[in-house]
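Below: the structure, in structure tokens.
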Number of protein chains: 2
Amino acid sequence: MSATPKSERTRAHLREVAIRMLRDVGYERTTMRAVAAEAGVSTGNAYYHFPSKDALVQELYLEVQREHAERSAPVLAAGGSLTERLRGVWAASVDAFAPFHAFGAEFVSVAIRPGSDASPFSAASATSRDLSRALFEDVVAGSSTRLPERLRAQLPELLWLAHLGITLFWVYDTSPGFTRTRRLVDGGAALVGSLVRLARLPVARAVVDDVLRLVRDVSPAPTTDRGERA
Amino acid sequence: MSATPKSERTRAHLREVAIRMLRDVGYERTTMRAVAAEAGVSTGNAYYHFPSKDALVQELYLEVQREHAERSAPVLAAGGSLTERLRGVWAASVDAFAPFHAFGAEFVSVAIRPGSDASPFSAASATSRDLSRALFEDVVAGSSTRLPERLRAQLPELLWLAHLGITLFWVYDTSPGFTRTRRLVDGGAALVGSLVRLARLPVARAVVDDVLRLVRDVSPAPTTDRGERA
DNA sequence: GGCCGTTTTTGAACATGTTCAAAAACTAGC
DNA sequence: GCTAGTTTTTGAACATGTTCAAAAACGGCC
């Protein structure tokens, strides 16, 4: 159970090789045999350390998430309005994901499978999910924008979900430099600001409550493990 | 090139067997060998008629889309408010998709791959996509709700996109009878009504314009084939 | 150092999606 | 009816993800 240095090195090496190959040659050509060979071990050994190819993808997912957190740190430290902070964190994710765009589609395809460990809702993804969620907690918490309490509570979750949507959009974005995704990020962040301002008006209160209630009603119970298999 | 009756029968039979197997035993256990065997032909022959397993999935996709259109027809013929019509068409899709829920995840996983023929944005999906889009054109066109012109033009597209989102949600929905998805449909349709009403207020005009402009700016050019491969 | 149980590693084996060269069935022209 | 070309069908072959029984390496205990 404990980390035997030797075995741990094999595992780390496999992980490293896999991440590099996924980035450089893509999902399909990153075969388990190729990873194992490149790492100088047998195919079976790769399976001893990682239960599936998806598990290796999962490692990359975590890596990218860490990169996103790192790139977001300066933005989050800087204060500013909700819109500014949100734009910064969303934009940081585009930058952090960029090297893996070719791989993005395959990843989403794997991650979207409800039973998959790579799914952003799975138990196995808890670490990366919490990492990502925390960013949006911080975006809201550190923002200078005044927020109605009922919004403040649910906003981080909503922004995280929106982030998943933006990522999905990015996967399909073939524009050079991801111009379209960046436009979406800029426009989206500005829009959130406008909507929050609008939400303060009495005339919008009912609608805002409806939205919040709908999201709450429709979400699975927070205590439930959301990564269940069929 | 023309439809030889004999060959056409083989093709139709394969298609039928594949759809039945996908529904009854799921994606994984519907192997090409099993489909071919069940249809009484060789494995290679299945590949002669359908270039890939995805192509068979594509057939099922079209089938379900037709089912959705059929179930929507009475709703669309009945008139009513935007909310009512939207709720009806969205609810019809939950009913139409229901028998394929087990398979839904696998399907989305296949369909979401940008290069995939099953992608809702691919050229190969044009038939089913147009079928689906037309439903939302009709929802808006036949509705008794008064709409600002600029909204009326873009709304069908937005509702279709929302429908994709709802379908994605449904894939993850393990609640009995898809209660949660149905709540989302009801709440979502009501919300669209409220938002449209709100959009008429002068104070909201700027935000509405922002949303519409963002969607327009961010969408790929409509003439471009959106199913491009990397 | 030598033995025993555990961890790690190996390489062959299996099922599946897919490809392909060759065989079979079919069609058209005579 | 026969031949030549085309369409359809076959079955073996290949690469890949994954499993597994056996071998090797390791670690603790005498």
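No experiment lies behind these values; they were computed from the predicted model shown. Chain letters run A, B, ... following the sequence lines, proteins first, then strands; residues in each count from 1. We use all heavy atoms of the structure for the numbers below, so side chains are in, but hydrogens, waters and symmetry mates are not.
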Would A/H49 and A/H13 count as a ring-ring contact (aromatic ring centres under 6.0 Å, His included) if you check the C-alpha gap in whole Å, the side-chain angles of each, and the deciding distance to 0.1 Å?
-> CA-CA 11 Å; A/H49 291 287; A/H13 193 201; over 10 Å; no
From CZ of B/R9 across to C1' of D/dT8 the rounded distance in Å is 13 Å
A/N45 CG to C/dT7 C1', in whole Å, measures 11 Å
What does the list of N/O pairs under 3.5 Å between the protein and nucleotides 13-16 of chain C look like, with a distance for each?
none

To the nearest angstrom, the CD-C1' distance between A/E8 and D/dC26 comes to 16 Å
* If the plane angle is over 60° it's perpendicular, under 30° parallel, otherwise tilted; pick one for B/F100 and B/F103. => perpendicular
- prompt: With a 4.0 Å cut-off, would you call A/R66 and A/E70 a salt bridge?
  reply: no
If the threshold is 4.0 Å, N to carboxylate O, is there a salt bridge linking A/D138 and A/R85?
yes
Backbone N or O of A/D217 within a donor-acceptor pair of the B/R183 side chain at under 3.5 Å? yes
The correct set of residues in residues 37-44 of chain A placing a heavy atom under 4.0 Å from DNA chain C is A/V41, A/S42, A/G44
dist A/N45:CG -> A/L14:CG (nearest 0.5 Å) comes out at 6.5 Å
Sorted by chain and residue number, the salt bridge (Lys or Arg N to Asp or Glu O under 4.0 Å) partners of B/E84 (sequence neighbours excluded) come out as none
Rounded to whole Å, the CZ-P distance (B/F50 to C/dG17) equals 15 Å
Separation between CG (B/D173) and CG (B/L168), nearest 0.5 Å, reads 11.5 Å
Less than 4.0 angstrom between a side-chain N/O of A/S7 and OP1 or OP2 of C/dT7, yes or no? no
Separation of D/dT7 atom P from B/Y48 atom OH, nearest Å, is 7 Å
